[in-house]
Asks: 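Quick one: the structure is below, questions incoming.
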Amino acid sequence: MAKIRFSALEELAGRVPVERKQRPRLAEVYGADVFTMEKMRHYLSVEAFRKLEKIMSEGGAIDRTLADQVAAAMKAWAVEKGATHYTHWFHPLNGATAEKHDSFIDILKDGEVIEAFDGKLLVQQEPDASSFPNGGIRNTFEARGYTAWDPGSPAFINNNTLCIPTVFVAYTGEALDYKTPMLKALSLVDKAAVDVCQYFDKDVRKVIATLGWEQEYFLIDAALFNARPDLKLCGRTLMGHSAAKDQQLEDHYFGAIPERVNAFMDELEYECHRLGIPAKTRHNECAPNQFELAPIFEEANLAVDHNQLLMSTMKRVARHHHFRVLLHEKPFKGINGSGKHNNWSLLTDTGVNLLSPGKNPKSNMQFLVFLVATTKAVLEHEALLKACIVSLGNEHRLGGDEAPPVIMSVFLGRQLDSILDEIEAKVSSRKMSPDEKTELKLNVGKIPEIMRDNTDRNRTSPFAFTGNRFEFRAVGSSANCGGAMIVLNTAVAEQLMAFKRETDALIEKGVKKDEAIFQTLRKYIIDCKKIRFEGNGYSKEWKEEAMRRGLSVDSDCISALKAYMAPKALKLFVGNGIFTERELEARFEIKNEIYLKKLQIESRVLGDLALNHIIPTAIAYQNTLIGNVKGLKEILPDMYAEVGNVQLESIKEISRHINEIRTLVGDMTEARKVANNTYVNEVERAEAYSATVRPYMEKIRYHIDKLELMVDDEMWPLPKYRELLFSK
Ligand code: ADP
Ligand code: MG
């Protein structure tokens with residue numbers, strides 16, 4: 001095995017040419033593979049284009065004639081570009097993207113072969129839903145599922161295939177994907193935000209949620225990756241002693257990008273731009289071989305599609321450069337994990353970012369209302385916001401090595417914090433004097449100036465205000481951002497609706513509009529104090545404080561997931577028409593099921609590696625030591641008398657680790673059996689796995705990592721951290 005490892009290192013050092021291609025200019029390639037509005041205009045009749053444009057901005061049904069026209073246009077464009085197939089492209093709940101390609105081929109009655117694609121095929125397809133997670137929604141006798149076109153996200157060509165973004169629902173109408181409920185949440189927040197904006201600007205007709213994700217990832221040499229079964233099967237290392245040097249010197253972050261990595265990034269960005277993904281920023285991250293890509297933000301639905309597309313494009317492009325990309329939240333113990341910060345805001349059709357302080361007191365009041373409503377949304381649904389980001393992978397990441405803590409809190413920054421305090425102190429339910437009002441308005445008017453020097457950057461906050469947006473940092477690097485977007489947008493919509501209701505009630509009682517807004521705002525500011533936290537989110541004190549405040553401090557995935565089934569979540573989702581009770585339950589079950597399956601795989605892989613790779617290697621090494629001791633005793637008895645004990649101690653220590661590993665793997669296997677046999681219900685089984693199987697993983701690893709330090713490097717069967725992390 002060691003041989004493979006060294007040949008792998010040779011391959012990586014010599015055989016991979018670093019190619020820097022000369023690429024066409026950005027303007028020539030941007031969106032080349034996307035069926036954009038301009039292309040639609042070109043391929044459609046004026047009348048059809050107008051009709052479609054109207055439906056896209058205002059919603060409404062697409063009739064069969066229009067669908068046929070759009071399908072013909074899409075096909076004409078795609079075939080011209082060399083596409084041979086088409087597929088509905090959707091995001092089932094396993095977190096991946098799904099596609100089932102069909103060729104454009106059709107045979108007419110007279111045997112003539114043609115390229116066919118009509119409105120019916122564009123609008124709806126019927127994939128079998130039974131092979132995707134469905135949380136019991138699908139009965140085996142009714143396995144059908146439907147995908148339906150989402151005109152809000154443009155079709156694109158990938159691998160000679162016309163990809164049509166779609167939603168995915170069961171035969172019975174329940175959602176089986178992220179997109180369906182997310183579109184509902186986005187439309188809910190649109191309406192709620194427009195209603196609140198009306199207090200300040202009657203011209204606002206539409207508000208969109210904006211999302212700018214930052215994707216973190218690791219790049220690992222393909223040959224080394226292939227020599228690590230744990231990376232191949234689980235996406236993370238289940239063992240491996242930390243390298244003597246990793247990120248202590250902080251010499252990787254923002255460092256010069258290695259040539260081979262740069263060539264990968266070049267090609268990735270080129271592909272992104274062709275696909276209309278506005279990739280903008282690239283840099284080294286904190287950990288060795290960790291990097292980040294961030295685009296310019298977009299409308300949330302499109303941004304989520306683009307992130308899904310990015311993840312699959314990354315995997316594809318990495319192979320061209322003999323890399324494998326790791327999207328796991330914690331591929332390596334002891335160094336930074338990977339997240340996907342979700343930068344989020346709301347934008348009006350009049351061009352106003354509602355989370356950006358404006359130019360006058362009025363727009364600043366509007367800013368404060370949205371800021372505080374969002375903060376209160378996090379307070380009300382902190383447990384649910386946690387539930388939507390937890391996973392087996394993220395469980396390893398959260399709470400350590402620069403990842404956000406598992407307790408949700410909102411960081412606003414010192415300046416804003418004090419403005420909120422001021423409003424709280426000055427506004428009261430009695431009528432304010434004109435002077436008081438003027439002073440307050442004046443201070444509110446000063447917000448942009450005050451914030452100009454807002455350099456606060458609290459890296460320990462899971463939900464931080466960063467000047468003109470909130471940054472939800474707890475999202476995992478492999479997650480579909482849709483999960484977080486559903487909860488966040490619905491929760492904010494709920495607060496905006498409540499804000500409007502309460503303010504209107506005051507106005508009806510005769511309170512002037514300005515004053516009514518101030519009073520409701522003050523009430524919300526007081527309410528949301530519990531979630532505001534400016535201090536160190538890693539500290540022990542914060543955990544204690546959070547418990548006193550009644551925030552959820554659960555750190556394990558299975559406990560956190562329960563928030564999906566809490567009455568509060570039901571009220572939020574079912575009450576607002578985002579999920580039915582059945583759909584919510586299904587989602588909860590699926591999350592548990594995925595956790596269970598992944599943990600089961602990890603536990604098996606660890607057991608296999610321990611028994612088939614590590615123990616035999618340790619024994620072989622131990623035998624050489626035994627041979628050595630025997631030889632010493634025979635040839636140099638004096639020497640043996642002197643150092644024999646030390647050598648025997650090494651042999652004994654290896655034995656102890658081997659025995660521990662054997663026993664622990666045996667116990668872990670038994671724990672799996674017990675959990676499998678005791679619980680039929682997957683939620684209960686997931687809970688049992690989390691409580692009884694998971695703890696063995698770290699214990700077994702401990703002994704393996706100790707052996708790694710003792711056994712001859714030549715014999716060690718797996719590439720080590722120092723090789724995985726420092727080969728580029
Ligand atoms: P940092 O690493 O300092 O957080 P980056 O530049 O890496 O900053 O990422 C910032 C992200 O925030 C980008 O994706 C950017 O497009 C996004 N962003 C900026 N403004 C908004 C906004 N109004 N709404 C949503 N996302 C935004
Ligand atoms: Mg960021």
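Reckoned from all heavy atoms, side chains included, excluding hydrogens, waters and symmetry mates. Remember, it's 1-based here, ligands and their atoms both numbered in the order they're listed.
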Asks: Can you tell me how the ring of Y564 sits relative to the ring of F573, calling it parallel under 30°, perpendicular over 60° and tilted otherwise?
Replies: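 Answer is parallel, since the angle falls under 30°.
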Asks: Can you list the atoms of ligand 1 that are under 4.0 Å from a heavy atom of G212?
Replies: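 By the 4.0 Å cutoff, the relevant atoms are 14 (O), 25 (C), 26 (N).
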Asks: Would one find an N or O of F297, backbone or side chain, under 3.5 Å from an N or O of ligand 1?
Replies: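 Between F297 and ligand 1 (N or O atoms, distance only) the closest approach is under 3.5 Å.
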Asks: Answer yes or no: is there a side-chain heavy-atom contact under 4.5 Å between F472 and W344?
Replies: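 They are not in contact (no side-chain heavy atoms under 4.5 Å apart), so the answer is no.
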Asks: Is it the case that the side chains of T350 and D203 hold a donor-acceptor pair, with the cut-off being a distance below 3.5 Å and no angle test?
Replies: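 Result is no, nothing qualifies.
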Asks: Go through D266 and R282 one step at a time and tell me if the salt bridge (charged side-chain N to carboxylate O under 4.0 Å, His left out) criterion holds.
Replies: CA-CA 10 Å; D266 260 0; R282 63 185 188 195; 3.3 Å; yes
Asks: Give yes if a backbone or side-chain nitrogen or oxygen of W344 is under 3.5 Å from a nitrogen or oxygen of ligand 1, and no if not.
Replies: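 No.
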Asks: N353 heavy atoms, cut-off 4.0 Å: which ligand 1 atoms fall inside?
Replies: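 The atoms of ligand 1 under 4.0 Å from a heavy atom of N353 are 23 (N).
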Asks: Side chains of N307 and Q215: any donor to acceptor distance under 3.5 Å?
Replies: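 Yes, side-chain donor-acceptor contact under 3.5 Å.
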Asks: Check this for me - ligand 1, T281, N or O atoms closer than 3.5 angstrom, yes or no?
Replies: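 No, there is no polar N/O contact under 3.5 Å.
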Asks: Heavy-atom distance to atom 8 (O) of ligand 1: which of E292, E471, R469, K280 wins?
Replies: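 Considering heavy atoms of E292, E471, R469, K280, the nearest to atom 8 (O) of ligand 1 sits in R469.
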Asks: Could K529 and E424 be called an ion pair, given the rule that one side-chain N must be under 4.0 Å from one carboxylate O?
Replies: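 Counted as a salt bridge, because a side-chain N and a carboxylate O are separated by less than 4.0 Å.
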Asks: In terms of atom number and element, which parts of ligand 1 are under 4.0 angstrom from non-hydrogen atoms of I296?
Replies: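 Once the distances to I296 are compared, the set is 16 (O).
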Asks: Closer than 4.0 Å to some heavy atom of S345 - which atoms of ligand 1 meet that?
Replies: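 With S345 as reference, the close atoms of ligand 1 come out as 22 (C), 23 (N), 24 (N).
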Asks: Of the choices A294, P295, G467, P278, which has the non-hydrogen atom that lies closest to atom 15 (C) of ligand 1?
Replies: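 Minimum heavy-atom distance to atom 15 (C) of ligand 1 goes to P295.
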Asks: Parallel, tilted or perpendicular: which fits the ring planes of F470 and F463, with parallel below 30° and perpendicular above 60°?
Replies: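 Because their plane-to-plane angle lies in the 30° to 60° range, the rings of F470 and F463 count as tilted.
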Asks: Would you say T210 has any N or O atom under 3.5 Å from an N or O of ligand 1, going by distance alone?
Replies: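 Yes; at least one N/O pair falls below 3.5 Å.
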